[in-house]
Structure formats: structure tokens, C-alpha cells
Amino acid sequence: MTAVLFALSKELKALGVPRGEPGFKIRHLIKKHDIKLFSSNYSLYGNMSSRVMDTLSQFSPDIEIYSIDEAFLLLNGFDYLNLTEYCKIIKQTVEQWTGIPVSIGIGPTKTLAKVANRIAKKYKKFNGVFDITDHPKIDKILEITEVEDVWGVGRQYGKMLRRNGIYNALQLSMQPDGWIRKSMTVVGLKTAKELRGISCIDLETDIPAKKQIVCSRSFGKPVDTFDEMFESVSDYCTRAVAKLRRQHSVASMITVFIGTNRFKDEPQYSNSATARLLSPSAYTPDFLVTAHRLLKTIYKDGYNYKRAGVMIADIMEEKSAPLNIFNTEYVGGNKKDLMDCIDTINTRWGRDNISFASSGIKKSWSMRRELLSPRFTTNWDELPVAIA
DNA sequence: TCTGGGGTCCTAGGACCC
DNA sequence: TCTGGGGTCCTAGGACCC
């Protein structure tokens, strides 16, 4: 079992299991409490997520889909309603239409809404909805919110703040601006102001194009041959460029990185190399050729590699890509037509229906997903069956 | 002995998020 | 045996320009 736990049920959290814990470390708990582990199932989660988000969109014209399981809704102009009651209807509707339970926090800023959401989730008596706006006990609520539970305060800042005697959200909100700015940059200052009820982090309603695209994986088994490494890097590169095309962008920088298993007591090596393309492109072979060249410069024999990845950067919109004198343009030629054709086929008939030979066929190095749950909503063969 | 000032761009590193 | 993957933003410092 190679699993790392990164989504935990509240029962598992109650047992004190931290996020990011490797599965093998809690083997005793798994046995004792009959815990079920599942490999990540992106097609199921992605599909259920968009069902939830579609439902939420019915309740406000302004919605920011923040992550696969979180969204911000702007309720300005809804003041004539009792917001708590309104959000109870939202919660109920999501549950009824998708089967997914949600909790909702209401606040004058995103950061306070996140605080409110923690309260909604934590205390049963609120039935999953809590409004912190103009709450008479707002100071008390901030006081019982540990400082590292504030959105924007992670482990490092958490440690630093505690060293300085700041243990909770209330204390953080009361620090002088100058000090916060100096020790946590303007990002931290925004967080503190948001805790005071001053909105500094805007709602982002349209999905911004990615500025960098990474595709990297840990191998299912150690890789110690150039050929296998070559295949895996080709595979990640192909996926990254496909993502690039999906957002109608082109890019001109590529980085390849490889590394050994840092947890193992054996010779360690990691390295990366970056190159620039002649002109911005989204043509997979342009990137593959460069990736192969880069890999040759960093690959060293004699190591057990655990990880490899490809990063694409210097991304711009396809339509604003400049022309150049080498006549290597992606847009307006056969290159784009060919890619469009491949993408269409792979969308229609499944990923990797057409792939590049350099990615290999067997993919012996790829990650195993032994505990995969069925793709209930996205695959005909795995639909749930009702038995009468 | 004296050695400008202001601006931009790029990169690496460090923080954060889920 | 076994330790994830994919993003963002900010800052400091160096290179370079006039």
C-alpha cells in the first residue's frame, strides 16, 4: 500500500490522523476501526463537484469556484432576506439534488466567511449554517479560532506568530499594520484586515487561465533506466501540453525535473533543466523534443528515481501569440489542426486513444491505484445498480 | 579621495491554498 | 514494502538600461 491520506473523514480526524499521513503508518488503526481507504477518483469527484457548483449557481449570479469542494457566493443585495434562512435552503437543495452534505459560513469578508464556516461545521446546533456578520460575540468567536486555522496562516507563520505570543485570530486582527506587513508581507496584512471586517480579497468570478502547468508523479516502482524515465517524462509532457491547449493557450518555456526518494537511505540525486522554445506553441512534439533534450542533460545512471515531472510556463493566450521569423507558428497551420484532431478523438473515445510513441505502451512505472472506487457518474460500465 | 539615481525584468526562494 | 499533486502570490537581489 503506497497511499498518502489527504482527505479524511471526521471520524479519522478524531483519531488524530493528520492530513498527509502515509497509509502504512496507520495500519494498526485501519485494522482496529475497519477503516476504508480509497484511491483518488478525479472523474467521480470532478463530476460531483460540478453538480454541486451548478446547484449553487442557482442562488447567486456571482460565484467563485475556489476549489473542487469549495465556493464563495456573493450575497450583496440579498439583505432583505434572512441570510441564514436563505443559506439553509441552499444547503438543503444541494443535499437533495446531489446527495452531498455541505456547510455554509456567512461573513462580510472571505476570511470571516471561512471562520464562520468552521463554526458551522464544528457545532451541531447551527445545522451547518452560521452567520458571523454583526454577531454580538464576534470577538469571542475569533478568540476560540486558533491562529493557524485562519485562512492564509499556514505552519510557518503559525509558528512565528506563536513565538510572538499571538495564538488566536482575535490577537492577530489586533496587531499593528506595520508589524504584520513586515513579518507576513502584504498578504498577511490583507488577512488581518479581513478579520477586522474590511474586505481585501475580491471574488474571482471568471476562471483565470493558468500561468503555469505542472504534471508530475511519483512512480509506482523505482525507475533506474533511462528508457523508462524517457517514457514517463514524455507522458507527463504530453498531458501538460494537452492541458495547455484546453485553456486555449500557448507557452514557450519548459522545465523537466527528476528526483530520487528522499525518505530512503540510499544515494540521492535530483535536478531540473529549463529551456525556451523558438516560439510559443501548444504543439506536443515541440515540447517533447525539448523535454527529451533536457532529460538527457540531467539524467544520471546509477540512481533509483522516485519522481519526475514537467512544468510549462511563460503561458499566453493562443490568439495573442506573436509571429516570428522562423515560421514555426503553432496557430494558423497544420500543427494546430493536427492537435485539434487528436484532442477531439481523445475526448470522444477516451484519454490516450491516440498517444505519442515516446510515452510507451506498458507504462510499467506508473502509479498504481489499487483502491479505486467506481466512477459512478462518468462511466457507463460503473453506474450504480439499484436492486429491487 | 571621490564612485548616481531610477527604472525594469528575471529568477530563486519562501510562504500560502486545497 | 510503503511518504501526493497542482497551483498562486510576494520579496529580495542581480543584471541591465539610460
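Here the structure is a predicted model, which means the values were calculated and not measured.
Taking atom OH of A:Tyr236 as the reference point, atom P of C:dG4 lies 13 Å away to the nearest angstrom. Taking atom CD1 of A:Ile315 as the reference point, atom C1' of C:dT8 lies 13 Å away to the nearest angstrom. The OH-P distance, from A:Tyr66 to C:dC9, rounds to 11 Å in whole Å. The NZ-C1' distance, from A:Lys306 to C:dG4, rounds to 10 Å in whole Å. Taking atom CD on A:Glu266 and atom C1' on C:dT3, their separation rounds to 13 Å, with Å as the unit. For A:Lys221 and C:dT3, the NZ to P distance is 14 Å, given to the nearest whole Å. When the C1' atom of C:dC2 is taken as reference, atom CG of A:Asn261 falls 9 Å away, rounded to whole Å. For A:Asp265 and C:dT1, the CG to C1' distance is 16 Å, given to the nearest whole Å.
For the C1' atoms, the distance linking B:dC17 with C:dG4 amounts to 15 Å, nearest Å.
Comparing atom distances between the A:Arg27 side chain and each of C:dT1, C:dT3, C:dG7 picks out C:dT1 as nearest. Of the candidates B:dC17, C:dT8, C:dT3, the closest approach to any side-chain atom of A:Pro22 belongs to C:dT3. In this structure, the nucleotide among B:dC17, C:dG7, C:dG4 sitting nearest to the side chain of A:Val214 is C:dG7.
A heavy atom closer than 4.0 Å to some atom of DNA chain C occurs in no member of residues 158-168 of chain A. Taken residue by residue, residues 179-207 of chain A places heavy atoms nearer than 4.0 Å to DNA chain C at A:Arg181, A:Thr185, A:Val186, A:Val187.
The side chain of A:Ser218 contributes an N or O atom lying less than 4.0 Å from OP1 or OP2 of C:dG5. Side-chain N/O atoms of A:Lys114 include none lying less than 4.0 angstrom from OP1 or OP2 on B:dC17.
Cation-pi geometry between A:Lys110 and A:Phe72 is satisfied (NZ or CZ under 6.0 Å from the ring centre, within 45° of the ring normal).
Closest non-hydrogen pair, A:Gln268 versus A:Asn261, comes out as NE2-O, 2.7 Å. Considering all non-hydrogen atoms of both residues, A:Leu203 and A:Ile63 come closest at CD2-N, 4.4 Å. Considering all non-hydrogen atoms of both residues, A:Val150 and A:Ala169 come closest at CG2-CB, 3.6 Å.
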| query | What do the steps show when you test A:Met311 against A:Ile254 for side-chain contact (heavy atoms from CB on, under 4.5 Å), and what is the final call? | reply | CA-CA 6 Å; A:Met311 185 171 96; A:Ile254 175 168; over 6 Å; no
Taking Watson-Crick and G-U wobble contacts under 3.5 angstrom, with | marking pairs to another strand and [ ] crossing pairs, the secondary structure of DNA chain B is written ....||||||||||||||
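A:Ile213 comes within 4.0 angstrom of the backbone, heavy atoms only, and of no base. Residue contacts shown for A:Arg307 are limited to sugar-phosphate atoms, with no base heavy atom under 4.0 Å away. Among the protein residues, A:Glu70 comes within range of the sugar-phosphate backbone only, with heavy atoms under 4.0 Å from sugar or phosphate atoms but none that close to a base.
Under the 4.0 Å criterion applied to side-chain N and carboxylate O atoms, A:Asp352 and A:Arg239 are assigned as salt-bridge partners. Note on A:Arg217 versus A:Asp235: no salt bridge recorded, every NZ/NE/NH1/NH2 to OD/OE distance being 4.0 Å or above. Using a cut-off of 4.0 Å between Lys/Arg side-chain N and Asp/Glu carboxylate O, A:Arg245 and A:Glu318 are scored as not salt-bridged. Salt-bridge check for A:Asp34 with A:Lys36: passed, with a basic side-chain N closer than 4.0 Å to an acidic carboxylate O. Salt-bridge check for A:Glu146 with A:Arg118: failed, with every basic side-chain N at 4.0 Å or more from each acidic carboxylate O.
A:Arg196 is linked by a side chain to side chain donor-acceptor pair (under 3.5 Å) to A:Asp177, counting only residues two or more places apart in sequence or in another chain. The ring pair (Phe, Tyr, Trp, His ring centres under 6.0 Å) check on A:Phe257 picks up nothing, with sequence neighbours excluded.
In terms of position on DNA chain C, the residue among A:Lys25 and A:Ala209 whose nearest nucleotide sits closer to the 5' end is A:Lys25. Where A:Lys243 and A:Pro222 meet DNA chain C, the nucleotide closest to each residue was compared, and A:Pro222 sits on the side nearer the 5' end.
Side-chain contact of A:Ser358 with A:Glu231: a donor-acceptor pair under 3.5 Å is absent, judged by distance alone.
Remark: aromatic rings of A:Phe78 and A:Tyr86 are close, center separation under 6.0 Å. In this structure, A:Phe230 has its ring center at least 6.0 angstrom away from the ring center of A:Tyr299.
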With 3.5 Å as the limit, what N/O pairs link the protein to nucleotides 13-15 of chain B?
none

